[in-house]
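Some notes on the structure that comes next.
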Amino acid sequence: MAETSSNSESHRQILQGIVVGDKMDKTITVEVERTVMHQLYQRYMKRNKKFAAHDENNDCQVGDRVVIVACRPLSKRKRWRVQEILARAK
């Protein structure tokens, strides 16, 4: 999930996830899912983490698949901003 792009922001961390909350003004909650291997049983497990991301135009809705990129701290919990919306919710 954590990969770099080839544009001018290649040093910034990029994540992809699904919007699970849009109640705040210019802020969304994005849930990012990753898989990790269990050390003892050698099985893959799903792990989820939520990030607060800045959505300048309030474009995102619950269920959208978005790409978020790391940025400077915008508030106490907000260190990410929306780079693009990959797919809209149905």
> Stepwise, does the side chain to side chain contact (heavy atoms under 4.5 Å, CB included) test hold for Val32 with Gln16?
Replying inline: CA-CA 6 Å; Val32 176; Gln16 182 175 325; over 6 Å; no
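- Taking the side chain to side chain donor-acceptor pair (under 3.5 Å) definition, one finds that Lys50 meets it with nothing, sequence neighbours left out.
- Residue Leu40 is found in a hydrophobic cluster whose other members, listed by chain and number, are Tyr41; membership requires side-chain heavy atoms under 4.5 Å apart, directly or through intermediates.
- Between Thr29 and Phe51 the shortest side-chain heavy-atom distance does not fall below 4.5 Å.
- For the residue pair Trp80 and Gln13, the shortest heavy atom distance occurs at CZ3-O, 3.5 Å.
- One distance of note links CD of Glu56 with OG1 of Thr27; it measures 10.0 Å at 0.5 Å rounding.
- Under a hydrophobic-cluster definition in which Ile, Leu, Val, Met, Phe, Trp and Tyr are linked whenever side-chain heavy atoms come within less than 4.5 Å, directly or via other members, Ile18 and Ile68 are assigned to different clusters.
- Under the side-chain contact (heavy atoms from CB on, under 4.5 Å) criterion, Asn48 pairs with Glu31, Glu33, not counting sequence neighbours.
- By the 4.5 Å heavy-atom criterion applied to side chains, Val67 and Leu15 are not counted as neighbours.
- In this structure a side-chain-to-backbone donor-acceptor pair under 3.5 Å is present from Arg79 to Ser75.
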>> Quick one, Cys71 with Arg12, criterion side chain to side chain contact (heavy atoms under 4.5 Å, CB included). Give me CA distance, side-chain angles, the key distance, then yes/no.
In response: CA-CA 8 Å; Cys71 65; Arg12 294 184 188 267; 4.2 Å; yes
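- In the hydrophobic clustering of this structure, Val66 does not group with Val62; members are Ile, Leu, Val, Met, Phe, Trp, Tyr whose side-chain heavy atoms approach within less than 4.5 Å, directly or through other members.
- At least one side-chain heavy atom of Asp59 sits less than 4.5 Å from a side-chain heavy atom of Arg88.
- Side-chain N or O atoms of Asp64 include none that pairs as donor or acceptor with a backbone N or O of Val19 at under 3.5 Å.
- A salt bridge is absent between Lys26 and Asp55; no separation between the charged side-chain nitrogens and carboxylate oxygens falls under 4.0 Å.
- Arg47 is linked by a side-chain contact (heavy atoms from CB on, under 4.5 Å) to Arg34, Val36, Met45, counting only residues two or more places apart in sequence or in another chain.
- Not counting sequence neighbours, the partners of Arg77 by the side-chain contact (heavy atoms from CB on, under 4.5 Å) test are Ala52.
- With contacts defined as side-chain heavy-atom distances shorter than 4.5 Å, the pair Gln83/Ile14 qualifies.
- Between atom NE2 of residue His54 and atom CZ of residue Arg72 there is a gap of 8.5 Å, rounded to the nearest 0.5 Å.
- Between Cys60 and Asp22 there is no side-chain heavy-atom pair separated by less than 4.5 Å.
- For Asn58, the side chain to side chain donor-acceptor pair (under 3.5 Å) criterion is met by Asp25, not counting sequence neighbours.
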